[in-house]
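Residue indices begin at 1 and follow the sequence shown. Worth saying up front: this structure is predicted, and the values here are computed from it rather than measured.
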Amino acid sequence: MNRNKVIIENCPNFYKIINFDYFEGDYFTINLINVYRRFIFQIDDINEENLAKIRKVDMILARYIDDYVFRKEMKYELLQVDIEQKSSNLLENLVNSLIGVFEKFEEGQTRSIYIACWI
């Protein structure tokens, strides 16, 4: 089966992410979408482990687009991440940091309950 077709089938939010209408001057979102695109098509060996990682990154970026609170937290947390420049694969390290920030956010969200107060 065609490699790109397999990748797109495992990324149900691909077109939603790629076609996201971000604000003018939002270079963070532009770069994050470019990292997503490069990462999913850069995978050489398509096995179940890599497909699971691709699906997770796809889900994280879809959440980034849909959830303003998560988007704000992701921007803040990713600016705090320190990635070693001597590493062989910077893209892989950035994606791992993205997943780590998401898991940290999910852990915090499940522990605190937000109650909206309508007056």
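- Within the 3.5 Å criterion, the main-chain N or O of R63 finds no donor-acceptor partner in the side chain of D67.
- In this structure, OH on Y36 lies 8.5 Å from CD1 on I54, to the nearest 0.5 angstrom.
- One finds the CD atom of E103 at 7.0 Å from the CD1 atom of I60 (value rounded to the nearest 0.5 Å).
- At distances below 3.5 Å, not a single donor-acceptor pair connects side-chain atoms of N13 with backbone N or O atoms of M59.
- Taking the ring pair (Phe, Tyr, Trp, His ring centres under 6.0 Å) definition, one finds that F28 meets it with nothing, sequence neighbours left out.
- Between atom CG of residue L98 and atom CE of residue M74 there is a gap of 4.5 Å, rounded to the nearest 0.5 Å.
- Between Y64 and F102, a ring centre-to-centre spacing not shorter than 6.0 Å is recorded.
- In the hydrophobic cluster analysis, where Ile, Leu, Val, Met, Phe, Trp and Tyr join through side-chain heavy atoms closer than 4.5 angstrom, Y68 is grouped apart from L79.
- One distance of note links CZ of F14 with CG of L61; it measures 11.0 Å at 0.5 Å rounding.
- To the nearest 0.5 Å, atom OH of residue Y22 and atom CG of residue L32 are 12.0 Å apart.
- By the criterion of side-chain heavy atoms lying less than 4.5 angstrom apart, applied directly or through intervening Ile, Leu, Val, Met, Phe, Trp or Tyr residues, V57 is grouped together with Y15 in one hydrophobic cluster.
- Counting heavy atoms from C-beta on, the side chains of K75 and D26 come closer than 4.5 Å.
- Note: T29 OG1 to I65 CD1 = 8.5 Å, rounded to the nearest 0.5 Å.
- Qualifying salt bridge (charged side-chain N to carboxylate O under 4.0 Å, His left out) partners for R55, counting only residues two or more places apart in sequence or in other chains: E48.
- Residues satisfying the side-chain contact (heavy atoms from CB on, under 4.5 Å) criterion with Y76, sequence neighbours excluded, are Q80.
- Residues V6 and L51 meet the side-chain proximity criterion, which asks for heavy atoms closer than 4.5 Å.
- In the hydrophobic clustering of this structure, V69 groups with V101; members are Ile, Leu, Val, Met, Phe, Trp, Tyr whose side-chain heavy atoms approach within less than 4.5 Å, directly or through other members.
- Using a 4.5 Å heavy-atom cutoff, the side chains of D58 and I17 are in contact.
- Grouping the Ile, Leu, Val, Met, Phe, Trp and Tyr side chains by contacts below 4.5 angstrom, directly or via other members, places F70 apart from F23.
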